[in-house]
Amino acid sequence: MNINNYFDYNATTPTDARVFEAMEDFYKEKFHNPSSFYREAGVVANEIENARENIAKLINCKPDEIFFTGSGTESDNLAIIGTVRKLKDKGNHIITSKIEHPAVLESCKYLEKNGFEVTYLTVDRDGLINLEDLKKAIKSSTLLISIMFANNEIGVIQPIKEIADIAKNNKILFHTDAVQAVGKLKIDVKDLGVDLLSLSSHKIYGVKGIGVLYKKKGLRIEPLIFGGGHENGLRAGTENVAGIIGTGKAAEIAMEEMETEELRIKPLREKIIKELFEKIPELILNSSATNCLYNTINISIKHIEGEAILALLDAHGMSFSSGSACSSKSLDPSHVLLAIGLEHAEAHGSLRISLGKYSTEEGVNKLIEVLPPVVERLRSMSPFWNKG
Amino acid sequence: MNINNYFDYNATTPTDARVFEAMEDFYKEKFHNPSSFYREAGVVANEIENARENIAKLINCKPDEIFFTGSGTESDNLAIIGTVRKLKDKGNHIITSKIEHPAVLESCKYLEKNGFEVTYLTVDRDGLINLEDLKKAIKSSTLLISIMFANNEIGVIQPIKEIADIAKNNKILFHTDAVQAVGKLKIDVKDLGVDLLSLSSHKIYGVKGIGVLYKKKGLRIEPLIFGGGHENGLRAGTENVAGIIGTGKAAEIAMEEMETEELRIKPLREKIIKELFEKIPELILNSSATNCLYNTINISIKHIEGEAILALLDAHGMSFSSGSACSSKSLDPSHVLLAIGLEHAEAHGSLRISLGKYSTEEGVNKLIEVLPPVVERLRSMSPFWNKG
Amino acid sequence: MRYSAKVMEHFQNTKNYGKIDNANGIGKVGNTKCGDVMWIYLKIEDEIISDAKFETFGCVAAIATSSMAVDMIKGIKISEALELSNKAVTEALDGLPKEKHHCSVLAEEGIQAAIKDYYSKTTK
Amino acid sequence: MRYSAKVMEHFQNTKNYGKIDNANGIGKVGNTKCGDVMWIYLKIEDEIISDAKFETFGCVAAIATSSMAVDMIKGIKISEALELSNKAVTEALDGLPKEKHHCSVLAEEGIQAAIKDYYSKTTK
Ligand SMILES: Cc1ncc(COP(=O)(O)O)c(C=O)c1O
Ligand SMILES: Cc1ncc(COP(=O)(O)O)c(C=O)c1O
């Protein structure tokens, strides 16, 4: 594969070579169980604490507010299910949005089957929730608000600080799924005032299989997994040491390189949008023009279907994702694209282009060259395209 | 560190070099998200299925009966909590034993706080449960029996097939925590008749952060983690691809080498027991003489305390574990050693010696040479030791 | 790759697509909600399908099954075309992923709809 | 390592252990249930602790605190020894892990018990 042709950084990112290097020894010499007594185990335990510190720095919290889990999904589940189960005597209501990741939505659906009530806020054409709607949704039984920081499909960035303020004013806890935001945006949990925040290592050039939960000091939630007292009792199970070390390294690198990466990637994104809209008629830009991750583009290519687009691009060795039902396992296209008001056909015909650390001008040029004829070919087969 | 001096294989095992090699590329070229559409993602997804197949072969089940989790602990939790939550309309009773791993015991304690009832079977001096006790404990409300295959501290092996028969005759599901048994013993889940079995990658020369749950086909349990439909809906979250690949490789190697390893390690174990009992007076053998893992020795060294022993051995670069309270985080010594009838002082003074793939005669000789003077020195400080 | 080589071959090199200007049987099936729409154009002469084309809005499987189905009915009798099953199309493509089964059903339906359209026009 | 270098030094090279044959103050504290037992032997002459030793069943911290405490009271007056706090012992060891705090308390108690024993014998 040619990394230039990878346009799916929101799905996963390659492990940074420096991250791999940092991990390597923890599969070899430093294989010890950090809970064990001897010196070597103590060394491993210390390295885990260093990793925790690096992650704490990335979002400006204390190391003991950082908890390692097995995925971003698990962090979301722990934050939501763990919080409301702990507080179940005080209420049963959760507020979230229609465009959350399945990790949040499915947690909520599970809770609905178990006596909780969930309000799913609608969003506008940009994907933004309405703060007045949020305020109106609050009840005396509301325990938790969970609104994602930035959306994985369309990149929209929510007004997190304002949401946190509303939560605080109403004495409700606030969780944000920041899996797509961390490592791309500068995040300061103290300044923002969030109580719980999820992130995922494999989205920040770390590794798959490690999630992180930030949990504000003093806040008590129920674990999902019980056993030995690992992670201060919040998540039992022998630590994925190498993964944790790699995640710490990834956080350290993100701290250093985030800003210059943004400067490098932004113009690539702008170029793609400009040239595709010039070369291909009847496109819809689904990613917000004003509140969007600088690496994410989501377009609908009218009259054709997303999986077919992906397949022809794949034949050129180019990797993207789509909100088409066919590229997922359900029959409905992306719930996010429907929520921002797209027609089914438009949602089926979407293409997500997400850039990252190894995106280059060369790759972008190839995309701009390859996509128009791909679209043309599929449109020529489509009953909806006026070949006039 | 010198691997010869590592005697704590039951705590964790080093990653086999071949496992590391198998994983390496999944941090590099093959970093793709297996859920994605393009070719490269399909390759990754296929490799995951290969790994699943290798693990299925190790315990003789179908690949679609194998589910990846984030630890042995998570597998235990999923098996127990997931099963009884699913069946909660049919009963509320669980039977387990007093010598289970905290992953099982704490899951049970959590369930007790949430309306379930748990019977903790006592064990005899060897650590064996009594099958008549088991039969008597069964009620019409019993949903699940969870009895570990082999104990991590004393190595005792339970009569799994007999327990499975009792479960089946009473139409109760049977889970076994086989974290310490898999890779050491030949296990055939079909022949044994177990419904659920947990294992952990880092105990079989794989990696930390991957557990496996065998779930018999057709058996429906509730997930602990919700989101995208990963692992056939049983455990959401982007797969720890490299970890899964490594675990598959570890299973493949275990299949090939298990028998010869047993032959190699058994005499080392016998030599240690023989020589220590010759050289050190007032020892108690806590590991069963008849039903024990071939790699595990547990002794109590009377009149002295375990952590102190570990510390002096550590000063010689030698790594062991103990059931002393001081080496854990609680005030009580090992619940396992108390359950087999040891006095508190004896339990505090225990030493676990567990052997493995890189154990050598040289290391064993050093152990036999170093331990007696260590014991002598600590006994010379002890008020209970008759220096007469 | 979850698609067979045959599917990909038909998807990438399909040639039977487009309108037939003087088609005398047109079948329109599927809907955009589900993400697959197939239009089948037939030119029928003396009960023989002398030409067949398709236009499809849909995924790889939808396009490949349309292409294959149209290929399979070109030059055969209407009566034979009516017997073309989705199973036969699927087999000709060396199989389809389970969740794409409905695409082959759609192709079968499309052809039947086009033939029905032909009869409704000619018997009038 | 979770223990300070000072703790490890006292644990590994302790020399003040063993019985004192003609001890005139003996303190026995702790119990095996919790895993720590300390016996403190004192030889007291003219209100001065002329010799002190310990026997300890217990962990690294228990042994190190016994050793350090005995070291600190050797050669001083009883009145001074009675003032030795667990805090002073802990500080002299450059600190102890939080969960080992009780070991230093035990050492303080052991010394006080031994002095009490001395008084109960001499005032009789
Ligand atoms: C916004 C968002 N939340 C949660 C997740 C889940 O994280 P993970 O893949 O680590 O389970 C993802 C990624 O898939 C995501 O994009
Ligand atoms: C018997 C037993 N069960 C469960 C576990 C937990 O497995 P893991 O360390 O992967 O969480 C262990 C190991 O710690 C074990 O020995």
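Chain identifiers are assigned alphabetically (A, B, ...) following the order of the sequence lines, protein sequences preceding nucleic acid strands; residue numbering begins at 1 within each chain.
Ring geometry for B/F384 versus D/W39: interplanar angle over 60°, hence perpendicular rather than tilted (30 to 60°).
A distance of 11.5 Å separates CG of B/D314 from OH of D/Y3, quoted to the nearest 0.5 Å. One distance of note links CG of B/L310 with SG of D/C59; it measures 11.0 Å at 0.5 Å rounding. B/R377 contributes atom CZ, which lies 8.0 Å from atom CD of D/Q12 (distance to the nearest 0.5 angstrom).
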Practice prompt. Report the C-alpha distance between B/R379 and D/F57 in whole Å, list the side-chain angles of each, state the deciding distance to 0.1 Å, and finish with yes or no for side chain to side chain contact (heavy atoms under 4.5 Å, CB included).
Written response: CA-CA 8 Å; B/R379 280 181 172 170; D/F57 167 90; over 6 Å; no
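If you measure heavy-atom distances from B/I304 to chain D, the contacts under 4.5 Å come from the backbone alone. Only the backbone of D/A61 comes within contact range of chain B, with heavy atoms under 4.5 Å apart.
Under the 4.5 Å side-chain criterion, counting only non-hydrogen atoms from C-beta, D/V37 is in contact with B/P383. No side-chain heavy atom of B/E343 sits less than 4.5 Å from a side-chain heavy atom of D/T32. Within the 4.5 Å cutoff, the side chain of B/E307 has heavy atoms near those of the D/V60 side chain.
A pairwise comparison of heavy atoms in D/G58 and B/A308 identifies O-CB, 3.5 Å as the closest pair. The minimum heavy-atom distance linking B/H348 with D/C34 is given by the pair NE2-C, 3.5 Å.
No other option in D/I63, D/N31, D/T14 has as many heavy-atom pairs under 4.5 Å with chain B as D/T14.
The environment of CD in B/E376 is sparse: at most 12 heavy-atom neighbours from other residues, nucleotides or ligands sit within 6.0 Å. Summarising the local packing, CG of D/D46 is surrounded by 12 or fewer heavy atoms from other residues, nucleotides or ligands at distances under 6.0 Å.
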